[in-house]
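In the text below, chain A, chain B and the rest are named by the order of the sequence lines, each starting its count at 1.
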Amino acid sequence: MADRIIQLKKLPESPIDERKFRINYREALNAAQFAAAAHRDGPLLVIAGAGSGKTRTLIYRVARLIESGAPPGAILLLTFTRRAAQEMLRRVERLIGERGGQVAGGTFHSFANTVLRRHGAAIGLKPGFTILDRSDMEDVINLLRGRMGFGTKERRFPKKGAIAEAISMARNKGRELKDELEADFAHLLEHEAEILAIAAAYETYKRERGLLDYDDLLYRLASLMREHEGVRNRLSDTYRHILIDEYQDTNAIQAELARLLAATHQNVMAVGDDAQSIYSFRGADFRNIMEFPKLFPGARIIKLEENYRSLQGILDLANEVIDRAAEKYSKALFTERRGEFRPVLVRARDEQTQSRFVAQRILELREEGVSLDEIAVLFRSSFHSFDLELELQRRDIPFVKRGGFKFIETAHIKDVLAHLRVIANPADAVSWMRALTLTPGVGARRAERIIESIVARERPEDALADAAAQAGLRAQAALDGCVRLAATLARLREAGRRPADQLADVIEYYAPLLREAHPDDYPKRERDLEHFQNLAERYRSLDAMLADMALEPPTDSIGDVLAVEPEEGHVTLSTIHSAKGLEWRAVFVIWAAEGRFPGPMSASPEELEEERRLMYVAATRARDELYLTYPIHMFDRSLGYVMGRASRFLDDLPAEVLPTALLQEEDDAAPA
DNA sequence: CTTCTCCCTGTTTTT
DNA sequence: CAGGGAGAAG
């Protein structure tokens, strides 16, 4: 006789008692957001439209993981910019208290830096490696090109920037340089053999001297984890929950890092928006986000489509812009937010008028009670704001500018840094080159000879004076200069010195050289050095300071007006790239004109598609008000004044979605 | 042979 | 505005 069968009932999907949590997640989040935040284990992909509470969802998921018992240190939050990382960690801390501060987080690059300094020995890395930024990379390439004798006779050898770009792109796409050149750098193929030789020499050079460029940080971390199962499992066990923001901007290596980090648990949450992929120039491919379910089989997919940021009129515009994209995107944004506002396309007479309009409207907004902190002006390329910066200065409107040139990239800061880097890594020949050629009478040739004879030493500066004499330096002034440099470096190397004091010594040594080199504008540059000095005070180790300067440099170039009444806030001027993930109550997009946005460099259909997404990103930064402007008369260097046309991304939009306005002088007629 | 100086050009976007 | 090239000067 058969046993009696008793049916065991399946428990309902979510038996979790919400009351055990301190935070009321159901109240704080909508259904889709809640599903994402409450997700426990296994891969999860969140496709989140602009303004759909993506960051909020991430933060609540972190909080919930911790409330469910995950140690904060086991949660790793990877982002693309330091600002995004800091902002998130701050909000986590506010939500759940100081334990939130123990959550690990940062950019892919800074995470790689930390891991490689600790575990890099397994792949032959010294912990004291130096990080090369893009211009350092170009300096090395230039040095090698010279050494190898390329481009001296021939006129048309590719520029160092082009070579660096090709090398970097190949790395980020995980391709052979040869293939990359053939696919995307056809114009360099003429010099293929030389470029390949330079690339090979570049690799050797970096390895011999303990140098890593940005791409190496990711690439070597991936090799480390691929080749060393022990390290891989240790890292994966340490970080039981990996959360990745802006996944649409990952490239091939970053996707692999995600896979490697999740080796022992598959707990990866990726958040992104395919319509906001704007980093293909860095090797990012928005198809990555589509491939996520292939990389992590069984991934759960959640879409966030409701927008909490913008008024419907602004979303209508954004939807129209992205609707016209060649590749169709999966979402249409909608919102419950009601309001009359429609975005406006403002046609200004010329650039000056455009600037005047923006400045005037900013002042009006301030009159209406909008804080300057709630206003941003966005543009395609950082130089587009030059005229506006002057206008804002004229009217005493405080602003900060994000993106574009950072003060860390200016020659005088790099000069000062070079001296510190030589102390941190005596084998860093690029920095030696920079420091040495600053002394009068020493140029590239002699500097190289000097470096060759001293660079292998532990304290190269001890041999500096002799080497200088042997390198053919005759002039007493030049020899004296080398002696002074050696003395300064020797002092820097004394044990137990604070980075800030070391920097002060360098600046003392460097100040006369700076005045000599820039008699016209050295006061401005000295102010930058002072600013740098202040920044240095926070660091306890030179290595940490140098790594930060390469990976997470201070981004805001402080406008001269910053000191004016700081309590009233400041307008943000930003490239669209740097504005990613941020929002403001009122947003201006200037230079929304053909030839600027899209710019002249965007020719291929793919590039134009990316420009379109960029416009979409720009528009969706605005909460309540959005103004797009362009000048009717644009100045072109070769043609003089030409007629400006509205950006093709706005040109064909229906007038209900984007009405136009023309600016008029006050006494001309009725106001526009 | 090297360095310095002056004039030109041409400028995305970022870790 | 800086990076590169050409030519002058050390």
Subject >> Side chain of A/S578 (C-beta onward), nearest among B/dT14, B/dT15, B/dT2 >> reply: B/dT14
**OP:** List for me each residue that meets side chain to side chain donor-acceptor pair (under 3.5 Å) alongside A/Q354, sequence neighbours excluded, and say none if there are none.
**Re:** A/T629
**OP:** Looking only at side-chain atoms of A/R525, point me to the closest of B/dT14, C/dA2, B/dT15.
**Re:** C/dA2
**OP:** Under 4.0 Å between any heavy atoms, over every strand shown, what does A/Y279 touch: base, sugar-phosphate, or nothing? Just pick one.
**Re:** sugar-phosphate
Original post:
B/dT13, B/dT15, C/dG3: which one has an atom nearest the side-chain heavy atoms of A/K160?
Top reply: C/dG3
**OP:** Give A/A444 one of three labels, base, sugar-phosphate or nothing, depending on what nucleic acid heavy atoms sit under 4.0 Å from its own.
**Re:** sugar-phosphate
What are the atom names and distances for every N/O pair under 3.5 Å that joins the protein to nucleotides 7-9 of chain B?
none

**OP:** Could I get the full list of ring pair (Phe, Tyr, Trp, His ring centres under 6.0 Å) partners for A/F108, not counting sequence neighbours?
**Re:** A/F80
Original post:
Touch check for A/P600, heavy atoms < 4.0 angstrom, all strands: base, sugar-phosphate only, or nothing?
Top reply: nothing
Original post:
Given B/dC1, is OP1 or OP2 found less than 4.0 Å from the side-chain N or O atoms of A/R446?
Top reply: no
Subject >> Results of side chain to side chain donor-acceptor pair (under 3.5 Å) for A/R117 - residues two or more places apart only >> reply: A/N113
**OP:** Please list residues of residues 609-619 of chain A whose heavy atoms come under 4.0 Å from any atom in DNA chain B, ordered by number; otherwise none.
**Re:** none
Original post:
With no hydrogens and no angle check, do the side chains of A/Q248 and A/E246 hold a donor and an acceptor under 3.5 Å apart?
Top reply: yes
**OP:** Could you pull out all residues at least two apart from A/D651 that satisfy salt bridge (Lys or Arg N to Asp or Glu O under 4.0 Å)?
**Re:** A/R645
**OP:** Would you mind classifying the nucleic acid contact of A/R445 as base, sugar-phosphate or nothing, using non-hydrogen atoms under 4.0 angstrom?
**Re:** sugar-phosphate
Subject >> Closest to the A/H109 side chain, choosing from B/dT14, B/dT2, B/dT15 >> reply: B/dT15
Original post:
Among all residues two or more places apart in sequence or in another chain, which pass the ring pair (Phe, Tyr, Trp, His ring centres under 6.0 Å) test with A/F588?
Top reply: A/Y627
**OP:** State which residues pass side chain to side chain donor-acceptor pair (under 3.5 Å) with A/S223; sequence neighbours excluded, sorted by chain then number.
**Re:** none
**OP:** State which residues pass side-chain contact (heavy atoms from CB on, under 4.5 Å) with A/E138; sequence neighbours excluded, sorted by chain then number.
**Re:** A/R134, A/K160, A/A164
Subject >> Residues that A/Y202 engages under side chain to side chain donor-acceptor pair (under 3.5 Å), provided they are two or more places apart >> reply: A/D213
**OP:** Please name all residues satisfying side-chain contact (heavy atoms from CB on, under 4.5 Å) with A/M148, sequence neighbours left out, ordered by chain then number.
**Re:** A/L144, A/F150, A/A197, A/I198, A/A201
Original post:
Which dot-bracket string fits DNA chain B when only Watson-Crick or G-U wobble pairs with both atom distances under 3.5 Å count, crossing pairs get [ ], and | stands for a partner on a different strand?
Top reply: ||||||||||.....
